Amino acid sequence: MNPLNLMRLVAPECILVIFALTALFMDVATLREQSAKVRQWVVGSLSGVACLTVMIWIACIRPEGSYSMVELPAVSFLLKEVLLGLTLVTALISFDAKFTRHIGEYYALLLLAAVGLMLLISSNNLLMIFVAVELVSLSLYAMTALDKTSPASAEAALKYFLFGSVAAAFMLFGISLLYGVTGQLQLDAIAGKLQTQHLEPIHYVALVMTLTGFAFKIAAAPFHLWAPDVYQAAPTPIASFIASASKVGSFFVLARIVLAGFGSARGGAGWGHLAAGWVPVLAILATVSMVIGNLVAIVQTRVKRLLAYSAIAHGGYALMALLADEQRAVSSLLFYVITYAITVLGAFGVVAMVEHSGGRDRFSDFAGLSRRAPLLSFCMLVFLLSLAGIPPLSGFFGKFYVFTAAISGPDHLQAFWLLIVGGATSVVSIYYYLQVLKQIYVAPAPANVGSLNISMPAQIGIVALAIAVIVLGFAPGLLLGRLNDGLTLVASNL
Amino acid sequence: MNELLGFLAWKVLFLPLLAAAVIAFFLQARPRLAAVVSVMAVVVSFILTVVLYAQYRNYPTVVQVAIPWLSIGNLNIEFGLHADHLSLLMALVVTGVGSLIHIYSIAYMQGDRSYARFFASLSLFTFSMLGIVLSNNFFQMFIFWELVGVSSYLLIGFWYEKPSAADAAKKAFLTNRIGDFGFLLGIIILWATTGSVKFSELHSILAKNPGVLDGVATAVSLLIFCGAVGKSAQFPLHVWLPDAMEGPTPVSALIHAATMVAAGVYMLCRVSFLFDPFSLQIIATTGGFTALLAALIAVQQNDIKRILAYSTLSQLGYMVMAVGLNGPSAAMFHLTTHAFFKAMLFLGAGSVIHALHHEQDIWKMGGLKSKMPITYWTFLLGTLALCGMWPLSGFFSKDAILSQAFDQGNYFLFVIGVLVAFLTTFYMFRLFLVVFLGGAKAHAVDHAHESPRVMSWPLVVLAVASVCGGFIGIEQFVQHQFSPSAEVEPIFDIMGPFAHSPAAAFAGLLVIFFGFSLAIAIYWNATSDPIPEKLPRLSRWLRNKFYFDELYARLIALTQDSLAKVADGCDRFLVQGLMVRGTHGSVEFFGRALRLLQTGNLQTYALLFAAGVAFVICFVLFR
């Protein structure tokens, strides 16, 4: 119980906070007189360096172990590196963003959100988890509102904030009920208590309310109402961060809570064999999300809104993974969510590039993109086909793995109805992705636009993501192997 | 030795991919060179396949090479190749017919501004198709299955400036996805119950323990059959194939006649050991029904390529029916001969279309016999082979299917098969008489001339194959796959069918005679089609393909679109109706924000949120 041990465990977060404050300070103190472009490059590069430094730090030191509320399972290195990588690319695609004059604040908030996410996956204590969720959320609310010239941006931020507060209230209420019945906040202690108790309705109420808060974070229907408007109105790099990095963190902590904390209140989701517990709750959320997300996406005519509904649907697919037994659930969920995050970040990156060149995110702004920016269009093709689950891209393998995981769990073939929903809705989904691709490749470009000017960092970031999507499709073992290595260590206490 | 063969098999598979990559990355601006690279790749692939085949004939041991691809828990997937009777025969068809069509395309696509892109896509297709053929497990097959779908999408939509081509490509892709969805679910259940996706393992598991699929056997069989229904365009997913004719004609010949659409049949043959009697019955009936439906529709089409497309549908129906009648070897036999003569017919049609400057309406052709002698003679041979005229290849393979139905005692499907043979002869001679004989029906015909030699000699090679394909032992070769111990019948036995199933053979020949006579009676020297006048209602139904496209469009509009609109409406109502909706400047925004807090919309939202939570709690507790 050496407090220095705690410092060792949370050093990455501390370093990132120092970088965030430096970015803030530098912008205010030294760069005031400089042009926006110089400030973007200096502060943006600093944020990039921050992410890289911490990634290297984690790779070298590999902090592991637990101290009080902090507990780092082995898989957390990988997750933190993924989160930092996603943050890095978000910073790269923000390089020539024009949505705000508050450049220092923007990058500082981005780094602070990353710190929140890292703390979120570092903790096994509900209180700490709640604080981390709020740190992430507050940063995201503020970032959503950063575009002060756009009323829509402010409106979306307010909406996000109000919806988020309601969800937070429910989550907190659930946590306090849980504390009331078990007297514990540590997940493993809660699990121990629940095992010995007879499960009363109050347990289920506590459970559902806690899960509701996370259902909001991952935008699972019917708690998804904020997502389309926020994705649509928030500056695109921020929307991409909400859709990618924040999803990875939220899904992991959701898995951790249900698997490590509520293990004995599992229930069942077999067709005709629904049994009370968290599994039927997640199965219902998954079904509703897949159906609503994919159906509503069909009639969208704005790319960001379409991606928002597709994100809701993908949240549904990812939730299916939690029906599996513990280890497979975590590995298939994380594989799905990580590849999804990479893909969707790339797709938003392409949208951001189109917007920087004077377009918006309507379908017509993408008309003839393949002639204006061939490389970027090809990347978009890769991203969208991967989202649609076309092999051999990583999205296909993710779906396949989640589907097989879902029916290899305790419900076995009785959970097959979820696969039918998942399969049928993914057939529907291909339709709307093709609509976008049709604009990019088939529709003629408007006469008065030239080729896109894309800054080098953004281009590198997007191409790297596209390569990752392809490589993980051909060799999913690269990521899965590491995920499984991490999980073998954590299986006992997760 | 085995290692060398394995190495050859890898080469067969990857040469076309290499060609596609080289063209895509380096040769976009060098179209002639791109064509050479693409043709070389497929020809070398063909030669290597022949080597593999020759080796295999001498030492028939199954070649399997595999590298582990992924192994997590109990999910073990290999990337492997499997060369046996079935896959070698199919690989020969794909690379052999593929080579001829590649060569034909050199001249046919001459002058197209995306010449290099065409050959890159064609090579990509060849690679994916060989991937399906050589796969040793379901997972890998599914990946190539989708890749074939993607390359077919690229090739149907090759002239994407034409809206009809872009739409046809999308329709083909989406329709196929519906079938693939079932296919994937089938594979997943199969894996969940047996723990394997590898064909040889599945085979031995089922042989050892036939009860392993109890309870899900029918579901698995039918779901896997879904894949074939999509890819081989069986009813009710048959609607995409005729529209796919929007692609360039060599593509129609290679993909939508000879190889890709046959992939469904090939897959069914590959896993024929899986199917239970009930699903075999469904498979056979679906095949028979598709054969009849398509043959009927073909009778009243006027576009030369669409007639051939419906004829393809109908012949695929035959093959699927054969699989359902426990005759996978008959199905593979017909698949092979059909690949020869249907590819030839399409290339012949392409030759006509090329000569007439992209005219496809048969009523604007006529009298081409003297202008295009090679095309004329090869087309005649192809037509006769398709109708099943003795001693051309179609006779033997169709007879194998009909006698299979007869021997199984399934007289209903036997009669349907014979009826389809009648219709086939009728519509094919209608096509033939109108296009090649009689007087010229349009001015373009006067300037028509025979196609260049690079287009006509593939026709001749295919004609030779279509003539001889029936009695060179193809069926005997593939029979080994399904009944290794059966005695080998003599090959070169051109009278064989009359000896062991006279009913099927004579019935087949008799209906050819009737069909031919009827076609002569109606269409000899005809300048327009008399049927629409005499039988207006029937003709209208047939011309409109029994209104399937309209029905599906209506159904989709009714279900998917309206559901989507309703769901979208709800979402918009909930979000925008209850929350702030201001985009006219910040003053109004803050006004609205305040009003929001005052008028209680926030409470409404919180109420909705709580209602959602209450719903979930009730669901969990009281269900």
Side-chain angles (χ1 to χ4, degrees), chain A residues 151-152 154-155 158-159 162-163 166-167 170 201 204-205 208-209 212 222-223 225-226 228-229 267 274 276-277 280-281 284 291-292 295-296 298-300 327-328 331 390-392 396 400-401 403-404 407-408 412-413 416 419-420 423-424 426-428 430-431 434 438 441-442 476-477 480 484, chain B residues 69-75 139 142-143 146-147 150 157 160-161 166 170 173-174 177-178 180-182 184-185 188-189 191-193 216 560-561 563-565 567-568 571 574-576 579-586 588-589 592-593 602 605-606 609-610 612-613 615-617 619-621 623:
Chain A
E155 179 192 330
L158 184 67
K159 220 175 259 186
L162 293 176
F163 286 33
V166 176
F170 270 92
Y204 293 118
V205 173
V208 170
M209 288 195 157
T212 305
F223 307 109
L225 292 172
W226 59 277
D229 280 16
L274 288 177
V281 176
I284 290 300
V291 172
I292 298 254
L295 277 182
V296 180
I298 293 173
V299 288
Q300 301 307 320
Q327 182 159 352
R328 267 181 91 89
S331 73
I390 304 288
F396 165 72
F400 179 80
Y401 194 37
F403 283 9
T404 53
I407 57 165
S408 68
H412 206 53
L413 277 180
F416 193 66
L419 265 66
I420 296 179
S426 74
V427 174
V428 171
I430 183 103
Y431 174 78
L434 280 187
K438 185 178 168 188
Y441 278 96
V442 178
L480 271 177
N484 280 356
Chain B
W69 185 58
L70 189 66
S71 168
I72 322 140
N74 49 354
L75 182 67
F139 184 83
F142 186 82
I143 290 184
E146 291 290 303
L147 270 180
V150 171
Y160 57 78
E161 306 87 349
K170 201 168 86 181
F173 197 56
L174 288 174
R177 288 290 297 180
I178 298 175
D180 296 349
F181 146 61
L184 184 61
L185 291 187
I188 292 177
I189 305 191
W191 170 80
T193 45
V216 292
Q560 183 163 314
D561 289 0
L563 269 179
K565 287 215 176 82
D568 184 53
D571 253 45
L574 287 177
V575 180
Q576 299 174 350
M579 296 303 292
V580 276
R581 184 85 199 106
T583 45
H584 305 298
S586 48
E588 190 188 10
F589 159 68
R592 278 174 183 251
L602 180 61
Y605 179 69
F609 199 106
V613 176
F615 163 73
V616 178
I617 290 177
F619 179 81
V620 169
L621 290 180
R623 248 174 323 110

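Note: hydrogens, waters and symmetry copies are ignored here, and every other heavy atom, side chains too, is used. Below, chain A is the first sequence line, B the second, and so on; all start at residue 1. Please read these numbers as outputs of a predicted model, since none were measured by experiment.
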_For the student: nearest non-hydrogen atoms of B/Arg177 and A/Val427, plus distance_ = O-CG2, 3.7 Å

_Between B/Ile178, B/Thr193, B/Ile189, B/Asp180, who has the most heavy-atom pairs with chain A when the cutoff is under 4.5 Å?_
B/Ile189

*If we only count heavy atoms from C-beta on, is the A/Phe416 to B/Val216 side-chain gap below 4.5 Å?*
no

*Using non-hydrogen atoms only, which part of A/Leu480 is less than 4.5 Å away from chain B: side chain, backbone, both, or neither?*
side chain

_Quick check on B/Leu185 against chain A: is it the side chain, the backbone, both or neither that has a heavy atom closer than 4.5 Å?_
both

_If we define contacts as heavy-atom pairs under 4.5 Å, which of A/Val428, A/Val299, A/Val291 has the most with chain B?_
A/Val299

*Yes or no on side chain to side chain contact (heavy atoms under 4.5 Å, CB included) for B/Phe181 and A/Ile430, after CA distance, side-chain angles and deciding distance?*
CA-CA 12 Å; B/Phe181 146 61; A/Ile430 183 103; over 6 Å; no

_What I'd like to find out is whether the side chain of B/Leu147 reaches to under 4.5 Å of the side chain of A/Pro391, using heavy atoms alone._
no

*asked:* Please classify the contact between A/Thr404 and chain B as side chain, backbone, both or neither, with a heavy-atom cut-off of under 4.5 Å.
replied: both

*Report the residues that fulfil ring-ring contact (aromatic ring centres under 6.0 Å, His included) with A/Tyr204, sequence neighbours left out, ordered by chain and then residue number.*
none

*Got a sec: does the NZ of B/Lys170 have more than 12 other heavy atoms crowding it under 6.0 Å?*
yes

_Listed partners of A/Phe400 passing ring-ring contact (aromatic ring centres under 6.0 Å, His included), at least two apart_ = B/Phe139

*Pick whichever of A/Ser426, A/Ala424, A/Pro201 has the most heavy-atom pairs under 4.5 Å with chain B.*
A/Ala424

_Please classify the contact of A/Tyr441 with chain B as side chain, backbone, both or neither, using a heavy-atom distance under 4.5 Å._
backbone

